[in-house]
Amino acid sequence: MEAADTGVVDTGPVDTAAADERLRRWRLVLGGEDADGTGCTLTGRDAAMDGALSSLYGNGNGKGGRPRAGQERSAGLGASAPSVARWLGDIRTYFPSSVVQVMQRDAIDRLGLSALLLEPEMLEAVEADVHLVGTLLSLNKAMPETTKETARAVVRKVVQDLEKRLATRTRATLTGALDRSARISRPRHQDIDWNRTIAANLKHYLPEYRTIVPERLIGYGRASQSVKKEVVLCIDQSGSMAASVVYASVFGAVLASMRSIDTRLVVFDTAVVDLTDQLDDPVDVLFGTQLGGGTDINRALAYCQSQITRPADTVVVLISDLYEGGIRNEMLKRVAAMKASGVQFVTLLALSDEGAPAYDREHAAALAGLGAPAFACTPDLFPEVMAAAIEKRPLPIPDADADTGGPRR
């Protein structure tokens with residue numbers, strides 16, 4: 001019988017194609033001079049992709065690859081606005097949005113291209129994300145009037161996208177928490193929580209009547225009640241907290257839209273600014289911040305403490321890396337005093353998708369000792385954290401942050 005009749009398929013060409021694809025990918029990764037030993041030559045779209053990568057990650061001589069020993073690493077975009085515009089267009093053509101955002105961030109960090117964002121044409125060409133918004137906010141004071149409207153449009157687009165992603169779940173989670181926290185023991189008939197009432201009175205089941213005679217009714221507070229909780233967001237606006245400022249401003253606007261929550265938003269460096277009256281528009285909040293500068297947490301907490309009127313119904317959320325430039329002992333005393341008065345105090349080292357930043361571990365440990373553990377929080381986890389604080393139950397601290405002294409989930 002011929003070999004072809006055995007049903008065995010010759011995979012030679014497929015293996016060759018797979019090997020060629022591996023070489024192509026390695027060539028794009030290595031970006032090497034003379035193909036860096038891969039023996040693979042790029043043409044067409046691959047060559048254009050390689051050029052876009054080499055402009056940012058190359059060695060400055062028009063070719064890709066890593067610099068040789070003793071050679072200073074640089075890249076080829078320079079400070080030319082037209083060449084940067086072409087490059088931005090190229091990377092948007094050849095790479096997905098998530099990769100484009102990383103490359104833009106690298107271009108700003110590695111090549112010092114922040115100044116080019118002051119040009120409206122450049123701003124319109126970039127892929128907007130939270131990190132770009134942080135960069136724009138840091139450039140706010142240097143931004144010419146002709147650029148500010150374009151910058152606001154970019155920021156508004158990012159904010160609207162975040163609101164669509166976060167608002168519905170946040171409102172649903174916190175509405176449930178508010179209802180549960182407002183349960184009353186003598187509810188009206190329409191306010192009775194039957195599931196919890198039955199569970200609490202199972203021991204009073206009468207077999208002969210096949211029914212339960214409840215001794216205690218459990219109900220929800222009426223939704224028409226005015227303000228149930230007060231939330232104070234106290235946000236460190238030092239440069240390292242840029243992404244947290246963006247997310248906190250969006251969440252602040254969402255909380256402010258809920259009738260049952262009286263929301264206050266305070267930002268600080270060495271000065272304290274109350275932006276509560278701008279919460280109906282988070283873009284105004286963001287442009288009211290000033291990223292960078294020193295940090296005086298004690299002063300910020302002193303202001304927040306002065307605004308609290310109902311401690312037992314108040315949640316204070318401090319968002320900071322805890323590098324205190326003010327009076328450390330006074331800061332801790334204020335936290336202790338607020339907790340003693342009944343305030344639920346939450347400390348977030350970051351409110352972003354990037355994990356915990358560098359932070360002052362001594363201060364974090366001291367806060368944990370006061371029963372206010374500090375941990376990094378993602379935007380997706382934030383509604384659960386707030387719900388737990390409102391209901392006065394243990395916070396859902398991620399396991400990765402267990403070293404801050406808080407309970408685990």
Side-chain angles (χ1 to χ4, degrees), residues 134 138 230-245 247-249 252 264-276 289-309 311-312 314-352 354-377 382 385-386 388-389 392 394-395 397-398 400-408:
S138 68
E230 297 182 2
V231 173
V232 182
L233 299 177
C234 186
I235 310 167
D236 183 345
Q237 61 178 351
S238 57
S240 61
M241 303 296 294
S244 298
V245 171
Y247 280 114
S249 298
R264 183 171 294 278
L265 189 144
V266 176
V267 298
F268 68 93
D269 41 37
T270 52
V272 180
V273 181
D274 192 327
L275 297 175
T276 302
T289 64
Q290 184 175 346
L291 293 178
T295 308
D296 193 337
I297 303 173
N298 177 55
R299 175 177 289 186
L301 291 181
Y303 176 81
C304 294
Q305 189 177 24
S306 72
Q307 302 301 305
I308 295 172
T309 57
T314 299
V315 178
V316 174
V317 183
L318 171 64
I319 304 174
S320 173
D321 54 17
L322 301 179
Y323 286 111
E324 171 66 311
I327 307 173
R328 174 184 183 274
N329 290 337
E330 288 299 313
M331 176 192 79
L332 296 175
K333 285 179 181 178
R334 289 193 191 282
V335 175
M338 281 190 272
K339 285 187 64 63
S341 69
V343 170
Q344 294 297 108
F345 196 92
V346 179
T347 309
L348 302 181
L349 301 170
L351 178 55
S352 72
E354 300 175 329
Y359 63 94
D360 191 308
R361 293 184 177 274
E362 185 179 351
H363 285 169
L367 287 171
L370 295 174
F375 58 98
C377 178
F382 185 74
V385 170
M386 291 303 300
K392 299 184 179 181
L395 301 179
I397 301 174
D401 293 300
D403 64 335
T404 58
R408 301 185 182 190

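- Qualifying side-chain hydrogen bond (donor to acceptor under 3.5 Å, both in side chains) partners for Ser320, counting only residues two or more places apart in sequence or in other chains: Asp236.
- The side-chain heavy atoms of Met338 and Leu301, taken from C-beta on, include a pair separated by under 4.5 Å.
- Side-chain contact between Val317 and Met386 is present, with heavy atoms from C-beta onward closer than 4.5 Å.
- Screening Thr295, Thr289, Asp269 for a side chain to side chain donor-acceptor pair (under 3.5 Å) with Gln237, the sole residue that qualifies is Asp269.
- Partners of Ala242 under the side chain to side chain contact (heavy atoms under 4.5 Å, CB included) rule, at least two apart in sequence or in another chain, are Leu291.
- Taking all atoms of both residues into account, the shortest heavy-atom contact from Pro398 to Ala376 is CG-O, 4.1 Å.
- When the ring pair (Phe, Tyr, Trp, His ring centres under 6.0 Å) test is applied to Phe382, the partners found at least two apart in sequence or on another chain are Phe251.
- To the nearest 0.5 Å, the span separating CD1 on Ile319 from OH on Tyr247 amounts to 12.5 Å.
- A search for side-chain hydrogen bond (donor to acceptor under 3.5 Å, both in side chains) contacts involving Thr276 returns Asp274, not counting sequence neighbours.
- Taken from OG in Ser249 to CG in Leu275, the straight-line distance is 7.5 Å, to the nearest 0.5 Å.
- When every heavy atom of Val232 is checked against every heavy atom of Cys304, the shortest pair comes out as CG1-SG, 3.7 Å.
- Asp296 is linked by a side-chain hydrogen bond (donor to acceptor under 3.5 Å, both in side chains) to nothing, counting only residues two or more places apart in sequence or in another chain.
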- Quick one: do Leu367 and Leu322 satisfy side-chain contact (heavy atoms from CB on, under 4.5 Å)? Show the steps, please. CA-CA 10 Å; Leu367 287 171; Leu322 301 179; 3.8 Å; yes
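- Here the closest heavy-atom approach between residue Ala312 and residue Lys392 is recorded as O-NZ, 3.0 Å.
- Contact check for Glu324 versus Asp360: no side-chain heavy atoms found under the 4.5 Å cut-off.
- Of all non-hydrogen atoms in Gly252 and Leu265, the two that sit nearest each other are CA-CD1, 4.3 Å.
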Please set out all donor-acceptor pairs under 3.5 angstrom arising from side-chain atoms of residues 325-335, sequence neighbours excluded.
{"from": "Arg328", "atom 1": "NE", "to": "His363", "atom 2": "NE2", "distance (Å)": "3.0"}
{"from": "Arg334", "atom 1": "NE", "to": "Asn298", "atom 2": "OD1", "distance (Å)": "2.9"}
{"from": "Arg334", "atom 1": "NH1", "to": "Gln305", "atom 2": "OE1", "distance (Å)": "3.1"}

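- The side chain to side chain contact (heavy atoms under 4.5 Å, CB included) search around Val272 returns Val266, Phe268, Arg299, Ala300, Tyr303, not counting sequence neighbours.
- Residues Ala243 and Glu354 share a closest heavy-atom pair of CB-OE1, 4.3 Å.
- Looking at Tyr359, its side chain never comes within 3.5 Å of a backbone N or O of Tyr323 through a donor-acceptor pair.
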- Could you walk me through whether Leu348 and Ser244 pass the side-chain contact (heavy atoms from CB on, under 4.5 Å) test, one step at a time? CA-CA 9 Å; Leu348 302 181; Ser244 298; over 6 Å; no
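- Residues Ser238 and Asp321 approach most closely at OG-OD2, 4.2 Å, considering heavy atoms.
- Residues Leu370 and Phe345 form no side-chain contact, since every pair of their non-hydrogen atoms from C-beta on lies 4.5 Å or further apart.
- Remark: Ser341 engages Pro311, Val343 in a side chain to side chain contact (heavy atoms under 4.5 Å, CB included) (not counting sequence neighbours).
- Considering CG of Leu318 and CG of Leu349, their distance stands at 9.0 Å, rounded to 0.5 Å.
- For Thr309, the side-chain hydrogen bond (donor to acceptor under 3.5 Å, both in side chains) partners are Glu230, not counting sequence neighbours.
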